[in-house]
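Note that the structure is predicted; figures quoted are calculated from it, not measured. One is the number of the first residue; the rest follow in order along the sequence.
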Amino acid sequence: MKLKRKKRLPAVVLATHSEEALNSVPRDTFQTREAVSTMGVMSALNARPVLMVADPDDLVESPEMSRDALRTALESLGQDGVVVVSSAAFIKDRERWIGEALLARGDGAALRFMPRRAVMLTNYCGGVGKSTLSLALARHFRETTGLPAAAVEIGVGGSSMSRLGELPTLFDVVTQDEEAGEWHGVHLYPSDDWETKTLATDERTETTLKQIYHQHTLIVFDTFPTNALWRHALELVTDVIVVASPRPDAIEQTGAMMRRLQDELETLDEQPKIHLVLNRVQSVGQRLPLAGELSAWVKYDENAALNLSGDLGEPLLTLIYPGWEQ
């Protein structure tokens, strides 16, 4: 007779006096360890926590462990993949931090607490596959998780999403209160350059973009840097994916794009993560010019691109949701 071993729950350390934070951790998802002193926190690390809710200033300072030393230790834990957050931040967005911790562990329970992501795909160079990968990413996320996803077009020239059918535009949604169209369960917000120039001066646009953000677990912005709404999107995103292709001109433009991002992101309160993705890769040699800089690459697949297959979005999904592949 074989006994079935009960799965060990991931651990969370609660080093806080906040009753709300203490009561906000789902006991069916985590085993908890509480600490009231700086040394108590260090002892609790034996549980190998995936999440730490810690307020060092409110803890009893032990002779063996100063508050400054504890802060250094917590910073080191954060760099090693443990999610460390204050009680105030945890209470403000509980599901986000729980989701981040479970994803880092590769735990299937993360799906219940999937943290929200807003992702911008961009580059100065056209024809590298930004629109294809934007739609593929949103589709793959929607079909894999069943959670709400949206794709917003902030490009150049006419709308590339128009090929998918007659859909209400972002302009219609902002100015006429239209409902977004759907494609494979993904809410789409197409637009052209003229419409976004008008929307950039409309105070309702920012409100609508924030509503789209809060109504979806994943929102993907297909953007071009000269678009009037580019900055609006940049202020919302958690991740920026710079899409390049092996073409020499695309690689050169990619360098200019990365330099611009470094300058502009310094002005934001919360800086998004930047990822460099090489699309349409057919050989190892094509990856060499960007060796050491690439976050991911997407294999060339003409049929998948023509069909806007969600499989193309898998490498990107793994970037913005680390631990997803587990």
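Within the 3.5 Å criterion, the main-chain N or O of Ile212 finds a donor-acceptor partner in the side chain of His216. Judged by distance alone, with hydrogens and angles left aside, the side-chain atoms of Ser62 form no donor-acceptor pair with the main-chain N or O of Ser37 at under 3.5 Å. Although no hydrogens or angles enter the test, the distance criterion places a donor-acceptor pair under 3.5 Å between the side chain of Gln31 and the main chain of Leu9. In terms of modelled atom types and a separation under 3.5 Å, the side chain of Asn227 and the main chain of Val156 share no donor-acceptor contact.
Of the options Arg231, Glu264, Gln253, Arg260, a side-chain contact (heavy atoms from CB on, under 4.5 Å) to Pro225 is made by Arg260 and by none of the others. Of the listed residues (Leu147, Ile98, Leu102), just one forms a side-chain contact (heavy atoms from CB on, under 4.5 Å) with Met114, and that residue is Leu147. A salt bridge (charged side-chain N to carboxylate O under 4.0 Å, His left out) with Glu100 holds for exactly one of Arg117, Arg116, Arg94; it is Arg117. A side-chain contact (heavy atoms from CB on, under 4.5 Å) with Lys273 is found for one member of Asp239, Val119, Leu319 and no other, namely Asp239. With Asn279 as reference, Leu133 is the one residue of Leu133, Val128, Thr132 to meet the side-chain contact (heavy atoms from CB on, under 4.5 Å) rule.
More than 12 heavy-atom neighbours from other residues, nucleotides or ligands sit within 6.0 angstrom of CD on Glu235. Few gaps surround CD on Glu64; more than 12 heavy atoms of other groups in view lie less than 6.0 Å from it.
A 4.5 Å side-chain heavy-atom check between Met52 and Val41 finds at least one atom pair inside the cut-off. Counting heavy atoms from C-beta outward, Thr169 and Ser159 have side chains that stay 4.5 Å or more apart. Two residues are said to be in side-chain contact when any heavy atoms from C-beta on lie closer than 4.5 Å; Leu265 and Ile274 meet this criterion. With contacts defined as side-chain heavy-atom distances shorter than 4.5 Å, the pair Leu316/Leu121 qualifies. In this structure, the side chains of Glu314 and Asp311 stay at 4.5 Å or more apart for every pair of heavy atoms.
Between Lys210 and Glu206, at least one side-chain nitrogen of the basic residue sits less than 4.0 Å from a carboxylate oxygen of the acidic one, meeting the salt-bridge criterion. Under 4.0 Å is where a charged nitrogen must lie from a carboxylate oxygen, and between Asp249 and Arg247 at least one such pair does.
There is no side-chain donor-acceptor pair under 3.5 Å between Thr16 and Asp58. Residues Arg27 and Thr32 bring a donor and an acceptor atom of their side chains to less than 3.5 Å of each other. Side-chain contact annotation: Arg280 with Gln282, donor-acceptor N/O pair under 3.5 Å absent.
Between Phe141 and Tyr321, the ring-plane angle classifies as parallel under the 30° and 60° cut-offs.
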